[in-house]
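Inspection log for the structure reproduced underneath, given as structure tokens.
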Protein chains: 2
Amino acid sequence: MDIKQYVIEHGRQVNLAAGQHLFRQGEMEDALYFVKQGLFKAYYLCQDGKELVKSFIAEGDVITNLSAVFEREPCTFSLLALEPAALVKVDFDSLYQHTLDDLELSRFMLASLIKLAQKKERREYEFLCLDATTRYQQLMQHQPDLLHRITQNDIARYLGITPVALSRIKHGRKG
Amino acid sequence: MDIKQYVIEHGRQVNLAAGQHLFRQGEMEDALYFVKQGLFKAYYLCQDGKELVKSFIAEGDVITNLSAVFEREPCTFSLLALEPAALVKVDFDSLYQHTLDDLELSRFMLASLIKLAQKKERREYEFLCLDATTRYQQLMQHQPDLLHRITQNDIARYLGITPVALSRIKHGRKG
DNA sequence: TCAGCGTTTTAACCTAGGTTAATTACCTCG
DNA sequence: CGAGGTAATTAACCTAGGTTAAAACGCTGA
């Protein structure tokens, strides 16, 4: 079965206003979401109260909290709508069961997971090998569009630095 | 078809001595490897000549360079045997084709990719939210076995710090 | 045994980025 | 319009970790 067909048959529309959470770190979650409209940030809340941004998610992307839906553990991060959003919610277990029995769905899942793995490898590379200034330059190069929809505070927390440090970098000053 | 069966039918034995490369950053590569014996490090060589360790790979793990085999681009990292190693080499394209037509293979690939994605998410979390000292403690907790097979230099480069810094951390001194 | 080589430790000094706090620039709403 | 709130900038100071270099600690192999 085609994934689009599956989503039409099994999906449920969900709408969120900007500022609302789709789910929160610590809660249970068993769904997967297809983003039709809007912009989200996935973020971690650390022990010391600091907030770090895991990723930004926009139209066409898929939202899921792997450890939550697979291991049935509490969500490891929170998901917040930065813009008014429209999604389609699909029960993960049910989709997964269908995937195990349907080659076409299976192909779709494979492709998505490969894309995800590649994205995460790239991010691993950037944290491992590049300094904050270079990471910022790469972000500007590869997703210039995103930058206009996101606050500089969130960009900083995505790069793994503070807003103060990002401001310094932008203006070519040293610490 | 069962993955084990597939590997038996299509795999080729490969043996490496410690210190030999399975492939090198920049080269082309179209295979996937199942590690039967040995220990490897996957590492990046950065512009400034520095070496950073992407991951360690041991018995039971699978080796692949996603961008190389999927996008047919040069390898993004190098793979070095730290111990004498025995692997089975499988042509990626051929396995992938079979996967697209075989539900059982497909399930195996899905499971592997999910495991990979989870591993990379965990690493992303650690770089984003934890300092070097905490990353080191977590490593000791979660893979105490690995530490004994690996040089402290490599552990440091895996944690994203220098060997000097790791020595300081171990002995509770500040910079 | 010792020479030679890689790994680890130590020390002195340096720098990217963190912290705190004050200032300024925008918004939005009443 | 002005008040209040968030986002961005700036400055002063601090710290984790980098850099360089020198010693100490293994090894392994002749």
Side-chain angles (χ1 to χ4, degrees), chain A residues 17-21 39 41 43-53 56 80-84 123 126-140 146-175, chain B residues 17-21 39 41 43-53 56 80-84 123 126-140 146-175:
Chain A
Q20 285 192 301
H21 277 84
L39 180 63
K41 75 170 169 186
Y43 67 95
Y44 294 107
L45 223 55
C46 302
Q47 343 37 295
D48 58 356
K50 236 175 300 176
E51 176 191 319
L52 280 303
V53 175
F56 299 106
L80 175 70
L82 300 176
E83 300 175 0
R123 196 148 154 81
E126 292 179 345
F127 276 122
L128 206 49
C129 301
L130 309 179
D131 64 12
T133 304
T134 315
R135 292 204 297 277
Y136 175 59
Q137 288 164 351
Q138 301 252 353
L139 182 63
M140 285 199 299
L146 257 192
L147 298 195
H148 304 299
R149 297 168 74 181
I150 299 173
T151 209
Q152 201 169 301
N153 281 354
D154 280 338
I155 295 174
R157 289 188 271 259
Y158 173 75
L159 294 173
I161 58 178
T162 59
V164 177
L166 180 53
S167 174
R168 279 198 289 245
I169 287 172
K170 278 184 57 177
H171 296 84
R173 252 171 297 105
K174 300 271 160 121
Chain B
Q20 285 192 303
H21 276 84
L39 181 63
K41 74 170 171 186
Y43 66 96
Y44 294 107
L45 224 53
C46 301
Q47 341 39 292
D48 59 356
K50 237 174 300 178
E51 177 192 318
L52 279 303
V53 175
F56 299 106
L80 175 70
L82 299 176
E83 300 175 0
R123 198 150 152 79
E126 291 178 346
F127 276 122
L128 204 50
C129 301
L130 310 179
D131 63 14
T133 303
T134 315
R135 292 203 297 277
Y136 175 60
Q137 288 165 349
Q138 300 253 351
L139 182 63
M140 284 199 300
L146 257 192
L147 297 196
H148 305 297
R149 298 168 74 179
I150 299 173
T151 209
Q152 201 169 301
N153 281 355
D154 281 337
I155 295 174
R157 289 187 271 258
Y158 173 75
L159 294 173
I161 58 178
T162 60
V164 177
L166 179 53
S167 174
R168 279 197 290 243
I169 287 171
K170 277 184 57 175
H171 295 85
R173 252 173 294 102
K174 300 272 159 121

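In what follows, every chain begins at residue 1, and chains take the letters A, B, ... in the order their sequences are listed. Being a predicted model, the structure only gives us computed values, none of them experimental.
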### Query
Starting at the 5' end of DNA chain C and moving along, which residue's nearest nucleotide shows up first, B:R157 or B:V164?
B:R157
#### Entry: Trace of the side chain to side chain contact (heavy atoms under 4.5 Å, CB included) decision for A:T151 with A:L82
CA-CA 10 Å; A:T151 209; A:L82 300 176; over 6 Å; no
### Message
Rounded to whole Å, how long is the line connecting atom NZ of A:K50 with atom C1' of C:dT20?
### Response
13 Å
### Message
By the 4.0 Å heavy-atom rule, please label B:T162 as base, sugar-phosphate, or nothing.
### Response
base
#### Entry: Length of the line joining B:I150:CD1 and C:dT8:P, which is rounded to integer Å
11 Å
### Task
May I ask you to decide if the ring planes of A:F56 and A:Y158 are parallel, tilted or perpendicular, using 30° and 60° as cut-offs?
tilted
### Query
Can you check the B:K170 NZ to D:dG17 P distance for me, whole Å?
16 Å
### Task
Would you tell me if any nitrogen or oxygen in the side chain of A:N153 comes within less than 4.0 Å of OP1 or OP2 on D:dT6?
no
### Message
Can you measure B:D131 atom CG to D:dA16 atom C1' for me and round it to whole angstrom units?
### Response
8 Å
### Task
Look at the side chain of B:A165 and decide which nucleotide, out of C:dG18, C:dT10, D:dG17, has an atom nearest to it.
D:dG17
### Message
Does A:T151 reach a base, just sugar-phosphate, or nothing at all? Heavy atoms under 4.0 Å.
### Response
sugar-phosphate
### Message
Without decimals, in angstroms, what is the distance between B:F127 CZ and D:dA16 P?
### Response
19 Å
### Message
Rounded to whole Å, please give me the gap between CD1 in A:I155 and P in D:dA7.
### Response
12 Å
#### Entry: Value rounded to 0.5 Å, distance of OH in B:Y136 from CD1 in B:I169
8.5 Å
### Message
Rounded to whole Å, how long is the line connecting atom CG of A:L128 with atom P of D:dG18?
### Response
11 Å
### Query
Roughly, in whole Å, what's the span from CZ in B:R168 to P in C:dA11?
11 Å
### Query
Between A:R135 (side chain) and A:L130 (backbone), is there a donor-acceptor pair under 3.5 Å?
yes
### Message
Nearest to the side chain of B:S167, heavy atoms from C-beta on, is which of C:dG17, D:dG17, C:dT9?
### Response
C:dT9
### Task
Look at A:Q152 and D:dT9 and indicate whether a side-chain polar atom (N or O) is within less than 4.0 Å of OP1 or OP2.
yes
### Task
Would you check if the side chain of B:T162 reaches a backbone N or O of B:A165 as a donor-acceptor pair within less than 3.5 Å?
yes
